[in-house]
Amino acid sequence: MSRKLLLWLPFALVFVLFAVFWLGLKNPDDRIIASNMVGKPLPEFSARAAMPDRPGVTSADFTDGKPRLLNVFASWCVPCVREVPVLLRMQQQGVEIVGVAVHDSSPALATFLAQNGNPYDRIGLDEGGRAQIEFGSSGVPETFVVDGKGRIVHQHIGVVTEQDVPQLLGMLGKAQ
Amino acid sequence: MIAEAGLAALWLAAVMALLQFALGALALGRGRAGLAPAIQPVAVVQAVLVCIAFFCLIAVFVRSDMSVLLVAANSHSAKPMLYKIAGTWGNHEGSMLLWVTILGVAGATIALFERQLREDTRVATLAAQGAIALGFYAFLLFSSNPFARIENVVEGAGLNPLLQDPGLAFHPPTLYAGYVGMSAAFSFAVGALVTRNVGPDFARAMRPWILGAWIFLTVGITAGSYWAYYTLGWGGWWFWDPVENASLMPWLAATALLHSVTVLATRDGLRAWTIMLSVLAFSMSMVGTFLVRSGILTSVHSFAVDPERGVFILALLAIYIGGALALFAMRIGTVSEGSRFDIVSREAALVLNNLMLTVVLVVVLAGTLYPLALEATSGTKISVGAPYFNSVAGPIALITMVLLAAGPLLRWRSDKPRLVLDRLVFSFLAGAAALLLIAAFAGSIGILPLLGLVAAAIVAVASLAPLWKRNLKRTPLFTFGMVMAHMGCAVSMAGMACDSAFTRETMVAMGPGETQAVGDFAVTLAGVRERPGPNYQALEAVLSVSEKGGTPFEMLPQLHQFTDPPMQTNQAAIRTFWNGQLYLVLGEQSDGDKWVMRMWWKPFVTLIWLGGAMIALGGMLSLLGRVRRDFLPRRRRTATVEALPEPEPAE
Amino acid sequence: MRRLAALALLIAAPLPAQAQDYAEVALPDPAQEAQASRLMDTIRCVVCQGQPISGSNADLAGDMRRIVRERIAAGDTPDEVRAWLISKYGDWVSFKPQVKPATLPLWLIPLVALVLGIWLVSRRLRRHH
């Protein structure tokens with residue numbers, strides 16, 4: 001009797017194995033590592049001013065009741081160029097965007113902003129990627145929606161495109 | 001033209017595979033026994049055709065024929081000749097073609113050289129081999145055509161620099177020979193089930209094929225480990241990476257099979273289990289191929305990735321594994337269980353060895369696939385790496401080592417515990433001595449390395465015990481093979497334990513003229529210079545190294561910058577001493593004229609691969625011994641079925 | 001808490017000119033470096049993914065190595081540093097799976113295999129005379 005049952009065991013195991021393979025094929029590994037900080041308060045950080053005409057960034061800047069976008073970018077990052085026009089348009093619609101430039105330098109940033117435009121109200125230089133790691137960000141560009149109490153409510157990974165704007169605006173609207 | 005000829009040969013080979021399967025099915029199923037003799041030449045022709053296809057592909061790579069899509073996507077005219085040839089299988093389509101080529105050659109080898117097997121079982125085996133080949137030909141022809149053309153390409157994209165290494169020339173072919181060689185065991189098992197012929201004679205016929213494939217797997221894994229060790233440039237020799245695990249799983253199953261088939265051949269036991277393991281070993285080879293080729297897992301070694309093709313291979317796997325299991329379920333009722341045995345007996349030790357190897361296999365499989373399952377079902381991403389595998393598989397491996405020490409000293413069927421302990425007394429003394437030495441000189445090391453060193457000492461002595469008081473001239477070759485392989489396990493384990501317990505690592509930023517100590521060595525940076533390579537730019541650090549009071553020697557680690565495709569790789573400088581390796585890596589330039597240097601002194605690390613080579617060599621001795629004994633003088637065959645009066649060592 | 005405050009200061013203050021950049025350079029204390037290096041071998045690089053941060057050339061991996069070494073030097077235990085990184089990037093970042101209900105099968109599956117195997121073997125043993 002038990003021998004009969006045992007015969008089914010390999011089939012069951014193979015079935016489980018194939019189910020896993022099938023699921024794995026259905027959702028291929030997206031290789032995107034989302035931040036674990038979404039829903040939590042923005043951690044303590046400070047990034048010194050990158051440009052003479054804009055202040056730097058600290059976590060204290062985010063607790064004044066106004067929701068903001070926190071954009072992690074870099075002047076050496078090629079895709080970042082593509083999202084600047086979108087960010088500029090959002091800025092015109094009254095969105096305050098704070099930039100944190102990773103592994104960057106003031107001269108390189110100056111060139112980048114002169115060429116592409118400057119959508120940022122504040123730009124901080126993130127030396128040694130400390131702020132980036134505090135946010136749980138794994139690359140550039142990434143954009144965080146931070147509410148008025150300084151809580152991260154959303155993480156957008158990759159370039160912000162026109163299609164993403166309504167969603168981001170909606171989140172900013174709700175995130176008082 | 002060459003590409004078209006290759007494609008035509010591939011199509012013809014597929015037709016031959018179909019014919020091979022059909023002939024077998026007709027001969028056995030429809031009673032057309034007259035067709036059976038034709039299956040042998042068909043298998044040989046199939047192998048010849050697929051070899052032609054493979055050589056055509058090599059030819060287009062050698063000629064850098066950029067009108068072939070595969071060459072354009074993976075090669076470059078400025079690449080050194082060795083990598084043009086080896087680059088043939090450094091990509092998805094080429095490696096799958098290599099896979100079926102080896103499959104075809106394995107089938108032809110069975111057709112030409114297998115003389116021990118009952119005629120109907122041999123026909124069924126070849127038919128099964130044809131059926132497997134057919135599926136993989138279909139995969140190549142319909143979804144991975146290596147000979148597809150492309151227009152207007154002037155220059156190729158190049159080969160992944162990590163693969164531009166002599167290791168590529170022989171590591172994949174060896175590993176694949178092992179993977180695909182296991183198809184022989186699978187086909188034998190299917191043949192035996194179809195023709196109801198599971199017994200000692202069948203086991204003796206199958207054993208050399210298992211040994212052969214297992215030797216290739218052992219060599220492939222050992223070489224792959226050393227390749228990763230010196231190319232990846234971070235001093236590790238095993239990363240528990242999915243691709244590595246994919247090669248380890250068939251090896252574990254094959255090692256278990258090698259031991260269980262001995263029980264079947266000698267004592268007519270473990271019939272069902274041996275058949276099951278044969279199916280499992282090749283299934284794990286196919287699962288390995290699937291994991292690597294479908295790209296469903298993230299890996300340091302991942303090269304070709306394509307989920308579409310994954311579905312195709314998955315369907316093939318379902319047909320072959322499911323089919324074999326169904327056959328197993330239908331026929332196993334007619335296979336009796338074989339003789340029983342005592343808890344203290346050679347059989348019990350071999351069965352426990354099988355159990356332990358299977359549990360390690362389960363650990364590797366679970367650790368590799370569970371993150372995938374969890375992410376697919378709940379969206380949670382986790383990583384399972386070395387800390388899990390070492391802590392879970394490590395202790396089981398240690399238990400296996402203890403069994404390995406005792407197993408060959410036990411008698412078949414039944415033995416007395418007291419006598420076994422007597423035979424092991426020198427081994428335990430060696431273990432105790434190792435423990436004392438470590439306590440006296442090594443200070444505190446981790447518990448796993450400590451137990452590993454003690455187990456290695458026990459096994460090293462115990463593995464020689466089967467030769468104790470024997471007339472060495474009359475001792476069969478396969479006994480020496482077993483001794484050598486088991487000694488290799490001890491040597492390899494000692495190397496692993498030493499590496500994890502005693503490695504000295506230093507990481508510093510050094511300017512020219514500065515000196516840094518690592519282990520007993522003083523390393524001085526003379527300078528960093530540029531060096532042009534054949535298809536890369538190299539930076540080379542000139543280091544003057546001296547061991548306490550010895551004469552200084554030069555070591556030259558390099559940093560390679562490739563342009564096609566753009567990528568940076570480390571070329572570690574490695575110097576081997578009798579007692580370990582000095583491993584130096586040049587890193588990035590830090591501020592000013594300082595360079596980051598990573599340096600390791602790795603005592604006895606070479607034992608890891610030396611042990612692997614010994615295990616493979618032991619396999620070769622066994623294979624030779626088995627072929628000589630089982631195949632050449634046929635009259636001795638009947639004698640070995642009986643229980644032997646004196647403990648006769650098994651592999 | 002005081003340690004955290006000190007750390008915050010350390011992070012906020014610009015590095016002194018003579019300080020080592022711990023991204024690529026070992027800690028002076030060998031015991032601490034051994035702890036850090038063992039930890040870094042088990043932290044997965046979020047950029048190159050297959051590799052631990054100890055062996056990765058990515059900038060972000062270097063940043064993580066620096067922070068790991070600084071935290072170990074400031075007196076954090078490796079487990080605390082691991083937990084901190086997990087709080088940032090989730091369980092994925094640790095090659096050492098955390099023991100919790102969702103990961104229990106990792107240990108249960110081998111255990112079940114072992115028990116099942118022992119049961120199967122015991123059926124094959126000869127009953128004692």
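Order of the sequence lines sets the chain letters (A, B, ...), proteins ahead of strands, with each chain counted from 1.
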Go through the atoms of B/Leu317 and report whether side chain, backbone, both or neither lie under 4.5 Å from a heavy atom of chain A.
both
Answer key: most heavy-atom pairs under 4.5 Å with chain B among A/Phe15, A/Trp8, A/Phe11 is A/Phe11
With side chains defined as the heavy atoms from C-beta onward, is the minimum distance between A/Leu17 and B/Leu369 less than 4.5 Å?
yes
Toward chain A, the part of B/Ser283 with a non-hydrogen atom under 4.5 Å:
neither
Give a yes or no on this: more than 12 heavy atoms of other residues, nucleotides or ligands lie within 6.0 Å of atom CH2 of A/Trp22.
no
If you compare all heavy atoms of B/Ala376 against all heavy atoms of A/Leu23, which two are closest, and at what distance to 0.1 Å?
CB-CB, 3.5 Å
Taking atom NZ of A/Lys174 as the centre, does the number of heavy atoms from other residues, nucleotides or ligands within less than 6.0 Å exceed 12?
no
Kindly compute the distance separating CG (A/Leu13) from CD1 (B/Ile321), expressed to the nearest 0.5 Å.
12.0 Å
I want to check something: taking the side chain as every heavy atom from C-beta on, are B/Tyr370 and A/Val20 in contact at a cut-off of under 4.5 Å?
no
Are side-chain heavy atoms of A/Leu25 and B/Phe290 found at a separation under 4.5 Å?
yes
Could you look at B/Val287 and say if it's the side chain, the backbone, both or neither that has a heavy atom under 4.5 Å from chain A?
side chain
Can you measure from NZ (B/Lys381) to CG (A/Asn36) and round to the nearest 0.5 angstrom?
12.5 Å
